[in-house]
Amino acid sequence: VALSAGLLTVAGLTAKDVMSLARVDRGFDAKAVLTARVSLDEGVYPAQEDWCRIDLEVVQGLRGKPGVRNVALSSSLPGRAASRSRLQLEGQPVESSQALPRSRLRVVTSEFFQVLGAGPVEGRVFSPSDNAESPRVAVVNESFARRFFPGESPVGRRVRLGDLDSDRPWRTIVGTVPDLNMNGADRSGPEGIYVPLGQRPQQHVNVLLSTASDPLALSSLLRGTVADVDANLPVYNLGTLDTELNRDAAGYWSIAALLLASGLSALLMAGVGLFGVLAFSVSSRAREMGIRVAMGARATSVLWMILWSGLRQIGAGLLAGIVLALGVSLALQEMFQTTSPLDLRVYGAVAGILTLGGILASLPPAMRAVRTDPAATLRVE
């Protein structure tokens, strides 16, 4: 019973979180975007200047092609958790690097926000002129602005990525954009900062194409364009952005299904075991039952006596199962940053299922006790 309670509870908590992931507002239409991953071999392209050149050649080759509305590159897929970086805020000194705030970081090309249909809330977004020769700039999302510059505009303020001893240049914030789900499935840290790829070259990039038609119809165009730039460049994870993001939830569904199957199996074994224990108890207490009925005990009192015996075992198992579920849920929360270990609805549902299962397993032995013939039982004596 304890094992069943623990597994069913964790399965319910995980399934609830998966459904909440499916309902999260990404802030953009992922179904209209084709995406693929392109990686540069460091042995072939050792210099960061080469990375930037090849990446921009891929963009130039796709831009303006039939069916392509906008094309951009990104260091990580929108809708997935971006990497986190320490940052310094000009005018907000701290004592040590460990005390520096953290923010999500995504490196993108100029049309990234157009691909997702998002415009600036304030200021501007990147342009092709934001390259290695131009002043360093950055764009932040609304969560970043609310946290680090409450009640004031972040445009014109300066930030620096890295620890206190970082030699990276200060970046001027030129615009604010909507929250485009930079934290993915992680409930913490939605604050995000964007920097242009021309000022921070990337060895591994995600190509993003927006189109008004079927995105998958542009698959051959994307592969062909990358091959024209370098026939040896691998293209993988090709598909719609919606499909790629849904794969993230597939792992959680698999865990929930496995836990649910294990919990139901444990529930079945618990029910069979409880039935066997109570059936043996009724059989061994046949003389007692006969005497009780002969002395005038009502059928309901005998029925309740047997049911109560089963429910006590269910209750003890539930208490142990709750402790087990809390421990496993906390471990999953640390691993996946999603599962909330406390949800009274899930715990109540599992308690109801196990109680109902216990009653159903206890009823046959209880009904057998009620039908005990006192004369037949006492005649043995």
Side-chain angles (χ1 to χ4, degrees), residues 24-30 70 72-184 186-202 208 210:
V24 71
D25 182 15
R26 294 170 177 159
F28 54 88
D29 181 13
N70 296 107
L73 302 179
S74 175
S75 57
S76 58
L77 283 181
R80 282 184 180 162
S83 61
R84 302 191 73 181
S85 173
R86 288 193 177 101
L87 56 90
Q88 304 171 50
L89 303 170
E90 191 175 42
Q92 300 181 24
V94 295
E95 295 180 356
S96 65
S97 294
Q98 286 70 27
L100 287 173
R102 288 177 176 268
S103 171
R104 302 285 176 181
L105 171 64
R106 183 163 283 150
V107 182
V108 300
T109 53
S110 58
E111 291 185 28
F112 175 82
F113 302 103
Q114 291 91 320
V115 168
L116 302 183
V121 176
E122 182 183 9
R124 69 173 179 90
V125 293
F126 301 133
S127 68
S129 61
D130 293 318
N131 52 37
E133 286 73 35
S134 63
R136 297 300 188 260
V137 294
V139 169
V140 300
N141 64 11
E142 291 180 294
S143 291
F144 187 103
R146 284 192 298 268
R147 177 183 173 187
F148 299 117
F149 305 103
E152 58 181 303
S153 171
V155 176
R157 304 295 293 268
R158 297 207 306 168
V159 298
R160 174 191 279 168
L161 300 173
D163 296 335
L164 291 178
D165 58 357
S166 173
D167 58 354
R168 291 172 179 168
W170 287 93
R171 294 180 177 273
T172 302
I173 299 175
V174 296
T176 305
V177 294
D179 290 345
L180 298 173
N181 193 20
M182 290 187 73
N183 53 319
D186 191 345
R187 288 190 175 90
S188 63
E191 303 85 8
I193 184 169
Y194 298 88
V195 299
L197 183 139
Q199 298 179 355
R200 192 181 175 105
Q202 299 293 298
L208 303 170
S210 63

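Position 1 is the first residue of the sequence, and the numbers go up from there.
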Hey, does the side chain of Asp163 reach the backbone of Asp165 with a donor-acceptor pair shorter than 3.5 angstrom? no
Stepwise side chain to side chain contact (heavy atoms under 4.5 Å, CB included) test for Val94 and Arg86: CA-CA 12 Å; Val94 295; Arg86 288 193 177 101; over 6 Å; no
Can you tell me how far the CG atom of Asn181 sits from the CZ atom of Arg104, to the nearest 0.5 Å? 9.5 Å
For Arg136 and Leu161, what are the C-alpha separation, side-chain angles and deciding distance, and is it a side chain to side chain contact (heavy atoms under 4.5 Å, CB included)? CA-CA 11 Å; Arg136 297 300 188 260; Leu161 300 173; over 6 Å; no
Is it true that a side-chain atom of Gln199 and a backbone atom of Pro135 form a donor plus acceptor pair closer than 3.5 Å? yes
Evaluate side-chain hydrogen bond (donor to acceptor under 3.5 Å, both in side chains) for Ser74 paired with Gln202, printing each intermediate quantity in order. CA-CA 9 Å; Ser74 175; Gln202 299 293 298; over 6 Å; no
What class does the angle between the rings of Phe149 and Phe144 fall in, given that below 30° is parallel, 30 to 60° is tilted and above 60° is perpendicular? tilted
Check for a donor-acceptor pair, side chain of Asp179 on one end and backbone N or O of Met182 on the other, with a separation under 3.5 Å. no
Let's go through Tyr194 and Leu180 carefully: what are the C-alpha distance in whole Å and the side-chain angles of both, what is the deciding distance for side chain to side chain contact (heavy atoms under 4.5 Å, CB included) to 0.1 Å, and is it a yes or a no? CA-CA 11 Å; Tyr194 298 88; Leu180 298 173; 3.9 Å; yes
Is the side chain of Arg158 donor-acceptor paired with the backbone N or O of Glu90 at a distance under 3.5 Å, no angle test? no
Walk me through whether Val137 and Arg124 qualify under side chain to side chain contact (heavy atoms under 4.5 Å, CB included). CA-CA 11 Å; Val137 294; Arg124 69 173 179 90; 4.1 Å; yes
Flag if over 12 foreign heavy atoms under 6.0 Å of CD, Glu95: no
